[in-house]
Undergrad: 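The structure's right below; bear with me while I get my questions together.
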Amino acid sequence: MKFFIDTANLDQIKEAQDLGILDGVTTNPSLMAKEGIKGEKNIKKHYVDICEIVDGDVSAEVIATDFEGMISEGMELAALHPQIVVKVPCTKNGIKAVKYLSSKDIKTNCTLIFSVGQALLAAKAGATYVSPFVGRLDDICADGIDLIRQIVDMNSYYGFETQVLAASVRHTMHMVQCIEAGADVTTSPLSAITGLLNHPLTDKGLAQFLADYNKLNG
């Protein structure tokens, strides 16, 4: 499974990259705003800065909601850097945009997926990634992880190459559940990834090893 980090914070991206397991980054307008990145020129430069830190795909989201606007923005974003993946919402115009951009060999991430039917449309349109939102479904007492499983099964049954990118992954238990569900990618805060390192038996075992060493070499 690939690990993406969901942020526009360059320090966090560098930390994740230094860990040696980072496969990519996802961003959105809200994350850009959180980092105080404003203005089209600055936002585009920030996308390039992210691409220069990581080796993998970097999702950059369009703002337009009409088909022509999505295509125009998508083409501009894709031209910024070879690692850019154009992120579009799962709407009627979004699906049309995915089809068009995919026909131009531009990678796409169809986002705001909340049903297997939406994922099917995106996959048929040629999306590189579909992004079902695990946490937001959990918020309304729906089963986000079960949706991941359904989409993985659908892709396998029909032979779609679209990767299931589990989004709105909020904590380490979500990460473990996404592994069990067969997600191709998760995107999450860095804390959810590093949380996979934590186990009391690891801490206990390391403490015992060091104690034994110190007895012999103290």
Side-chain angles (χ1 to χ4, degrees), residues 1-28 30-37 46-60 81 83 85 109 111 113 129-153 155-156 163-218:
M1 188 174 72
K2 296 178 183 177
F3 288 149
F4 287 8
I5 186 173
D6 193 36
T7 186
N9 184 285
L10 297 183
D11 289 336
Q12 290 182 15
I13 294 169
K14 289 175 183 176
E15 184 179 350
Q17 178 68 15
D18 289 345
L19 192 58
I21 50 80
L22 186 65
D23 298 294
V25 174
T26 56
T27 62
N28 59 46
S30 297
L31 293 173
M32 284 288 185
K34 185 178 179 180
E35 298 303 319
I37 311 300
H46 202 74
Y47 283 135
V48 174
D49 290 342
I50 292 172
C51 289
E52 291 177 349
I53 296 172
V54 303
D55 299 322
D57 289 342
V58 175
S59 287
H81 197 281
Q83 290 168 227
V85 176
N109 177 357
T111 189
I113 298 282
Y129 301 99
V130 290
S131 290
F133 277 43
V134 174
R136 293 195 193 184
L137 282 169
D138 288 357
D139 288 344
I140 61 167
C141 297
D143 193 337
I145 296 298
D146 188 58
L147 176 60
I148 299 296
R149 190 174 293 107
Q150 290 177 37
I151 299 173
V152 168
D153 289 345
N155 283 354
S156 176
Q163 297 180 58
V164 181
L165 194 167
S168 190
V169 171
R170 296 175 177 170
H171 47 70
T172 302
M173 193 61 214
H174 271 162
M175 299 286 288
V176 173
Q177 291 171 327
C178 285
I179 293 169
E180 294 171 345
D184 299 293
V185 191
T186 60
T187 187
S188 67
L190 178 58
S191 59
I193 298 174
T194 56
L196 293 169
L197 291 167
N198 299 331
H199 199 286
L201 292 180
T202 301
D203 298 336
K204 182 178 179 180
L206 180 59
Q208 185 63 55
F209 292 156
L210 292 174
D212 291 344
Y213 175 84
N214 290 330
K215 285 179 183 179
L216 295 173
N217 300 277

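What you see is a predicted model, and the numbers here were worked out from it, not measured in a lab.
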Undergrad: Using atom types as modelled and distance alone, determine if a side-chain donor or acceptor of His46 lies under 3.5 Å from a backbone N or O of Ala8.
TA: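 Side chain of His46 to backbone of Ala8: a pair is present.
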
Undergrad: Using the side-chain contact (heavy atoms from CB on, under 4.5 Å) definition, which of the options Asn109, Thr186, Leu165 pairs with Phe4?
TA: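 It is Leu165; the other options fail the test.
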
Undergrad: Within this structure, what is the OG1-CD1 distance for the pair Thr27 and Ile37, rounded to the nearest 0.5 Å?
TA: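 Thr27 atom OG1 to Ile37 atom CD1 measures 11.0 Å (nearest 0.5 Å).
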
Undergrad: Answer whether the closest heavy-atom distance between the side chains of Val164 and Asn155 falls below 4.5 Å.
TA: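 Sidechains of Asn155 and Val164: in contact.
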
Undergrad: Less than 4.5 Å apart, any side-chain heavy atom of Pro189 and any of Thr7?
TA: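 No, every pair of side-chain atoms sits at 4.5 Å or beyond.
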
Undergrad: Between Val185 and Met1, does the side-chain contact (heavy atoms from CB on, under 4.5 Å) criterion hold? Intermediate values first, please.
TA: CA-CA 5 Å; Val185 191; Met1 188 174 72; 5.6 Å; no

Undergrad: Would you confirm whether Ser168, through its side chain, and Gly135, through its main-chain N or O, come within 3.5 Å as a donor-acceptor pair?
TA: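 Confirmed, Ser168 side chain pairs with Gly135 backbone.
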
Undergrad: Can you check whether Val54 reaches Gln83 side chain to side chain, under 4.5 Å on heavy atoms?
TA: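 A side-chain contact under 4.5 Å exists here.
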
Undergrad: May I have the list of side-chain donor-acceptor pairs in residues 13-24 shorter than 3.5 Å, sequence neighbours left out?
TA:
| unit_1 | atom_1 | unit_2 | atom_2 | d |
| --- | --- | --- | --- | --- |
| Gln17 | NE2 | Asp55 | OD2 | 3.3 |
| Asp23 | OD2 | Phe3 | N | 2.8 |

Undergrad: Going by distance alone, is a donor N or O of one side chain under 3.5 Å from an acceptor N or O of the other, for Asp184 and Tyr129?
TA: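 Looking only at side-chain atoms, Tyr129 and Asp184 do not form any donor-acceptor pair under 3.5 Å.
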
Undergrad: Taking the side chain as everything from C-beta on, heavy atoms only, tell me whether Ile53 gets closer than 4.5 Å to Asp49.
TA: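 A side-chain contact is absent here, since even the closest heavy-atom pair is not under 4.5 Å.
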
Undergrad: Give every donor-acceptor pair under 3.5 Å between a side-chain atom in residues 142-150 and any protein atom, sequence neighbours left out.
TA:
| unit_1 | atom_1 | unit_2 | atom_2 | d |
| --- | --- | --- | --- | --- |
| Asp143 | OD1 | Ile145 | N | 3.2 |
| Asp143 | OD1 | Asp146 | N | 3.0 |
| Asp146 | OD2 | Gln150 | NE2 | 2.7 |

Undergrad: Can you list the steps and then say if His199 with Lys204 is a side-chain contact (heavy atoms from CB on, under 4.5 Å)?
TA: CA-CA 9 Å; His199 199 286; Lys204 182 178 179 180; over 6 Å; no

Undergrad: Is a side-chain donor-acceptor pair under 3.5 Å present for Asp6 with Ser188?
TA: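 Asp6 and Ser188 do not have a side-chain donor-acceptor pair below 3.5 Å.
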
Undergrad: Check Ile113 against Val130 and note the closest heavy-atom contact, atom names and distance.
TA: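 Minimum heavy-atom separation between Ile113 and Val130: CG1-CB, 4.3 Å.
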
Undergrad: Could you go step by step and tell me if Tyr47 and Met32 meet the side-chain contact (heavy atoms from CB on, under 4.5 Å) rule?
TA: CA-CA 10 Å; Tyr47 283 135; Met32 284 288 185; 3.2 Å; yes

Undergrad: Under 3.5 Å, is there a donor on one side chain and an acceptor on the other for Thr26 and Ser59?
TA: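 Short answer, no.
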
Undergrad: Quick one: pull up CG in Asp11 and CG in Leu190 and give me the separation to the nearest 0.5 Å.
TA: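 The distance works out to 11.5 Å.
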
Undergrad: Do Glu35 and Asn9 pair up side chain to side chain, a donor and an acceptor below 3.5 Å, judged on atom types alone?
TA: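 The answer is yes; a qualifying pair exists.
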
Undergrad: Would you say the side-chain atoms of Gln12 pair up with the backbone N or O of Ile5, donor to acceptor, closer than 3.5 Å?
TA: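 No, the answer is negative, given that no donor and acceptor are paired below the 3.5 Å cut-off.
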
Undergrad: Under 3.5 Å, which donor-acceptor pairs link side chains of residues 172-182 to any protein atom two or more places apart or in another chain?
TA:
| unit_1 | atom_1 | unit_2 | atom_2 | d |
| --- | --- | --- | --- | --- |
| Thr172 | OG1 | Ala192 | O | 3.1 |
| His174 | ND1 | Arg170 | N | 3.2 |
| His174 | NE2 | Asp138 | OD2 | 2.8 |

